[in-house]
Amino acid sequence: RERGLNPRMREQLYPEGLRIFLENPIFGEGFYPSSDKIQEWSTVEQIKAVLPARWHNTVIQLLASCGLVGLVCYSFHRIQTIRLIWQKRKTDIIFIGISLFSMLLMSLLDCHFFNIGPVLFYSMALAFMEQWVLWIITNVVSVIMWVICMTRGEAHAAVMVIMWSFYLLNSINGLRV
């Protein structure tokens, strides 16, 4: 029977993930569980061979894969993230915090913290939230890159130099504040 994009699949996945957690409560079963059900439910053979099983809920994913140890570590990280946002209540950091919070809510219906795109967003948001030095480096490199393009006579390069220069000034201001 084709399971593909069955929206009711989570009703079968969640109890299976919790069953695996109850069998291995301390450390979980790992990211490649021995459960045949999760592999049977995956529909693309190439993906099944490379990516770990997905329980489509970050909490269940952590419990089934990493057990209570993983959930405690994740909870500690989450508390540290909240503290970081709370300590520096500036508009840009609050905006990043809201974005991260929406990602957390979506992670109750999928495992966003186990997919490369959302993880990159999350990592960069946390890194750049307080790392104005990284923004300054990024902007300096961009200005240099566009200055080189401008000296080669590329169209619109001068506008890009101006834009990235303002970004650079903004990041220097962010470091100052």
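Here the SG atom belonging to C66 is positioned 13.0 Å from the CD1 atom belonging to I26, to the nearest 0.5 angstrom. The CG atom of D110 sits 7.5 Å away from atom OG1 of T58, with the distance rounded to the nearest 0.5 Å. Here R19 contributes atom CZ and E29 contributes atom CD; the two are 7.5 Å apart, rounded to the nearest 0.5 Å.
One hydrophobic cluster, built from ILVMFWY side chains closer than 4.5 Å, holds both I172 and I137. Hydrophobic clustering (side-chain heavy atoms under 4.5 Å, transitive across Ile, Leu, Val, Met, Phe, Trp, Tyr) groups L22 together with L13. L108 and I82 are assigned to two separate hydrophobic clusters, defined by single-linkage of ILVMFWY side chains at heavy-atom distances under 4.5 Å. Y74 and F121 fall within a single hydrophobic cluster, where Ile, Leu, Val, Met, Phe, Trp and Tyr side chains are chained together by heavy-atom contacts under 4.5 Å.
Connectivity analysis of hydrophobic side chains (ILVMFWY, heavy atoms under 4.5 Å, direct or indirect) links W86 to nothing; its cluster partners are none. Using a 4.5 Å cut-off between side-chain heavy atoms of Ile, Leu, Val, Met, Phe, Trp and Tyr, M160 falls into a hydrophobic cluster with V143, M145, W146, V147, M150, V161, M163, W164, Y167.
By the side chain to side chain contact (heavy atoms under 4.5 Å, CB included) test, V140 pairs with I136, I144, L168, sequence neighbours left out. With sequence neighbours left out, L18 forms a side chain to side chain contact (heavy atoms under 4.5 Å, CB included) with I60, L63. Partners of E154 by salt bridge (charged side-chain N to carboxylate O under 4.0 Å, His left out), not counting sequence neighbours: none found. Residues passing the side chain to side chain contact (heavy atoms under 4.5 Å, CB included) test with P118, sequence neighbours excluded: M103, H112, N115. Residues passing the ring-ring contact (aromatic ring centres under 6.0 Å, His included) test with H77, sequence neighbours excluded: Y122. For N57, the side-chain hydrogen bond (donor to acceptor under 3.5 Å, both in side chains) criterion is met by no residue, not counting sequence neighbours. The side chain to side chain contact (heavy atoms under 4.5 Å, CB included) check on Q80 picks up F76, R83, with sequence neighbours excluded. Take N24 and apply the side-chain hydrogen bond (donor to acceptor under 3.5 Å, both in side chains) test, not counting sequence neighbours, and it matches no residue.
The main-chain N or O of L169 is never found under 3.5 Å from a side-chain atom of N173 such that the two would form a donor-acceptor pair.
Looking at every heavy atom in both residues, W135 comes nearest to S171 through CB-CB, 3.8 Å.
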What donor-acceptor contacts under 3.5 angstrom involve side-chain atoms of residues 94-102, with partners at least two apart or in another chain?
residue	atom	partner	partner atom	Å
S99	OG	F95	O	3.1
S102	OG	S99	O	2.7

